[in-house]
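Right, one structure below, let's go through it.
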Amino acid sequence: MAPNSADTLTGLLSRTAFHEQAGKIMQTHPDGLALIWFNLDNFKMYNKRFGFARGDELLQEIARIIVIIFQQNGEQKNLVSRFCDDSFIVLTDWSSVEINTDMIQEYLYALHNDITLRLRAGIYFPSGDEDIRLCCDRAKMACDSIRKNHSVSSCMFHNGMSRKLELQQHILDTFEGAVMNGCIRVLYQPIVNVKTGELCEAEALTRWSDAELGNISPAEFIPTLEEYREIHKLDIHALKQVCRDYRARARKGLPVVPVSVNLSRLDFELCDILQEVELAVTLNDIPRDMLHIEITESGNGEDSTVLNLGIERFRAMGYEVWMDDFGSGYSSLNVLKDYNFDTIKFDMKFLHGFDIKRSEKAKYIISSNLEMARLMGMQALAEGVETAEQYEYLRSIGFDKAQGYYFGKPMNLDEIFSPR
Ligand code: C2E
Ligand code: MG
Ligand code: MG
């Protein structure tokens, strides 16, 4: 083998050698091939828990298992490579794909007795005239698509994934330019005091108007920026804009209300987000109690110690920290137990399809969660209020704040102060 043709840790083919050899096989024997991209769940956490040496051993063990299973019966034409970190790829015969991927999972489980060690598999069936790199990307896409779906461990590529990847690529390629060119703006959605019906705060929400694609939804660009660990750049941009907008009004002597900004949980790992907030607030002369922090619940893997410390540092400095989208995920109650928040924002799903005469169950759930918020000394805000009936119900049970299209959609800051 040439010196750079093997991965030093596992002895498997390097990425370059794999591309070269797989490309040749695809040209000479194009029929019945399959590419499988494997990625290990929670490998970062495994390293943190057991140290890098044990992490390396695990990767070597996985490499051995893949080789044993895919090169059994002398099937030397199967190629196995470690592409990077905890990602492996195999070129094999399509007929053995399913049985072998299942077997690998069983092997791994038998050795560690740990269901969190899932080796996800993405499968692509290449045809001879395709570029090997593109084929590998497609297998990877299939593998990434089940990252959050824990009920399956393998998935085949389909064309919808490709469109999604193109959009993701566009987002990543143009994001920094979009920030600089003013294509990413901040709008404000009014939040009202439920007792009085008056405007009491606003939530800052980002909007991306793309020159090529028109409006790109936050539901698309936020998960992408999170996945590629660029989200802090968006949040810092939004934060600075909010501070500038606020100061512009305050300087003119116009009325102002506190504004809440959305921070990703990843911001606490990717930058010193408190320092960024402090800088923006100080430069614009904004009292700390006029800027609140919203953090969305999430049960997934991030380092809870870092987040907990981050929340406490914000609170100790005098910022309110709010829990966003309470009830939207599976771990809401644990999140409430483990972190301290000043306000809970009830996810709009609670009010979805709400009918005051018929939605008995929804009423029990909403009112008992409100009671829980009270017992824990937190304010309660309902999101997604769309009708007078919903608002009336929230008032009758004593919610503190409400937000939703009934009071106003996201708009320019000055507009939220105009009478409805
Ligand atoms: P969120 O923080 O829960 O924000 C509320 C979302 O619900 C907004 O969607 C808002 O437009 C929408 N909404 C408000 N009232 C109603 C209603 O009555 N009915 C319905 N159907 N929808 C309503 P948007 O702006 O699309 O934002 C989606 C999510 O993206 C936000 O959810 C927030 O988690 C995230 N996001 C937005 N801007 C930022 C940002 O600058 N940074 C970060 N990290 N996340 C952001
Ligand atoms: Mg929010
Ligand atoms: Mg929300």
Side-chain angles (χ1 to χ4, degrees), residues 171 175 178-179 183-192 201-209 215-245 258-271 273 276-277 280 291-298 302 307 310 320-329 332 335 341-354 379-391 393-394 401-413 415-416 420:
I171 289 170
F175 168 60
V179 167
C183 299
I184 301 186
R185 294 176 308 130
V186 176
L187 294 184
Y188 297 82
Q189 188 173 30
I191 298 174
V192 302
E201 329 228 343
E203 174 174 11
L205 294 158
T206 41
R207 291 290 174 267
W208 182 334
S209 320
N215 290 336
I216 307 178
S217 155
E220 270 151 351
F221 65 80
I222 284 160
T224 301
L225 295 174
E226 284 192 325
E227 189 176 341
Y228 290 86
R229 302 172 79 79
E230 299 274 350
I231 188 71
H232 56 300
K233 296 180 187 163
L234 173 80
D235 289 345
I236 293 169
H237 168 68
L239 170 76
K240 287 180 179 165
Q241 189 57 54
V242 165
C243 291
R244 282 195 294 266
D245 287 350
V259 176
S260 63
V261 291
N262 291 284
L263 294 188
S264 164
R265 294 163 67 109
L266 282 178
D267 294 349
F268 292 82
E269 287 177 31
L270 296 173
C271 62
I273 192 67
E276 297 289 346
V277 170
L291 189 88
H292 305 327
I293 306 299
E294 289 190 21
I295 301 171
T296 305
E297 62 151 293
S298 147
E302 295 105 19
L307 183 63
E320 283 192 17
V321 181
W322 295 6
M323 179 185 184
D324 202 358
D325 302 334
F326 169 74
S328 63
S332 302
V335 174
F341 295 101
D342 299 282
T343 291
I344 311 184
K345 293 189 80 169
F346 283 58
D347 191 71
M348 58 185 83
K349 283 200 195 98
F350 282 108
L351 288 178
H352 188 73
F354 184 84
Q379 296 245 310
L381 185 158
E383 292 186 86
V385 181
E386 291 182 350
T387 64
E389 184 190 43
Q390 292 171 343
Y391 176 40
Y393 172 67
L394 297 169
K401 296 170 198 162
Q403 173 182 357
Y405 294 164
Y406 180 62
F407 312 105
K409 292 196 170 181
M411 53 187 105
N412 291 325
L413 184 59
E415 289 173 304
I416 68 169
R420 271 187 292 134

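Whatever order the structure lists ligands and atoms in, that order sets their numbers, starting from 1.
A distance of 4.5 Å separates CG of Asp325 from OG1 of Thr296, quoted to the nearest 0.5 Å. Rounding to the nearest 0.5 Å places CD of Glu294 at 8.0 Å from CG of Leu205. Interatomic distance, NZ of Lys240 versus CG of Asp245, reported as 14.0 Å (0.5 Å rounding). To the nearest 0.5 Å, the span separating OG on Ser264 from CZ on Arg229 amounts to 9.5 Å. Here CG of Asp324 is found 8.0 Å from CG of Asp347. Values are rounded to the nearest 0.5 Å. Here the straight-line distance linking atom NZ of Lys233 with atom NE2 of His237 works out to 13.5 Å at 0.5 Å rounding.
In this structure, atom 1 (P) of ligand 1 lies nearest to the protein heavy atom Asp324 OD2, 3.7 Å. In terms of protein heavy atoms, atom 8 (C) of ligand 1 is closest to Leu205 CD1, 3.8 Å. Of the protein's non-hydrogen atoms, Ile222 CD1, 3.4 Å is the one closest to atom 45 (N) of ligand 1. Nearest protein neighbour of atom 26 (O) of ligand 1, counting heavy atoms only, is Pro218 CG, 3.4 Å. Of the protein's non-hydrogen atoms, Glu386 OE2, 3.3 Å is the one closest to atom 21 (N) of ligand 1. With hydrogens left out, the protein atom closest to atom 38 (N) of ligand 1 is Thr206 OG1, 2.9 Å, a heavy atom. Scanning all protein heavy atoms for the shortest distance to atom 7 (O) of ligand 1 gives Met348 CE, 3.0 Å.
At least one side-chain heavy atom of Val335 sits less than 4.5 Å from a side-chain heavy atom of Phe341. Between Arg185 and Asn412, some side-chain heavy-atom pair lies under the 4.5 Å cut-off. Two residues are said to be in side-chain contact when any heavy atoms from C-beta on lie closer than 4.5 Å; Ile171 and Tyr228 fail this criterion. For the pair Leu394 and Leu351, the minimum side-chain heavy-atom distance is below 4.5 Å. Between Leu239 and Leu291, the closest side-chain pair of non-hydrogen atoms falls below 4.5 Å.
Screening Leu234, Ile231, Leu270 for a side chain to side chain contact (heavy atoms under 4.5 Å, CB included) involving Glu226 leaves a single residue, Ile231. Each of Glu203, Glu383, Glu201 was scored for a side-chain hydrogen bond (donor to acceptor under 3.5 Å, both in side chains) with Gln403, with one residue passing: Glu203.
Residue Gln189 places a heavy atom under 4.0 Å from ligand 1. Contact between His237 and ligand 1 is absent, with no heavy atom of the residue lying under 4.0 Å from the ligand. Using a 4.0 angstrom heavy-atom cutoff, Glu203 counts as in contact with ligand 1.
Contacts between Pro410 and ligand 1, counted as non-hydrogen atom pairs separated by less than 4.0 Å, involve the side chain only. If you look at Arg207 next to ligand 1, the close heavy atoms, those under 4.0 Å, all belong to the side chain. Counting heavy atoms under 4.0 Å from ligand 1, residue Asp325 touches it through the side chain alone. Neither the backbone nor the side chain of Lys345 has a heavy atom within less than 4.0 Å of ligand 1. Counting heavy atoms under 4.0 Å from ligand 1, residue Asn262 touches it through both backbone and side chain.
For atom 43 (C) of ligand 1, a protein heavy-atom neighbour is found at a distance under 4.0 Å. Note that atom 4 (O) of ligand 1 has protein non-hydrogen atoms nearby, at separations under 4.0 angstrom.
Put simply, the side chain of Gln189 gets close to the backbone of Gly408: a donor and an acceptor are under 3.5 Å apart.
Using cut-offs of 30° and 60° on the angle between ring planes, the pair Phe326 and Phe350 is parallel.
Every atom of ligand 1 is numbered from 1 in the order shown, and the set under 4.0 Å from a heavy atom of Val385 is 18 (O). Each of the following atoms of ligand 1 lies closer than 4.0 Å to a heavy atom of Ser264: 44 (N). Residue Asp235 has at least one heavy-atom neighbour below 4.0 Å for each of these atoms of ligand 1: 40 (C), 41 (O), 42 (N), 43 (C), 44 (N).
For the Mg ion (ligand 3), the tally of protein N/O/S atoms lying closer than 2.8 Å stands at 4.
For Phe175 and Phe221, the ring centers sit 6.0 Å or farther from each other.
When the options Tyr405, Tyr406, Trp322 are ranked by their closest heavy atom to atom 16 (C) of ligand 1, first place goes to Tyr405.
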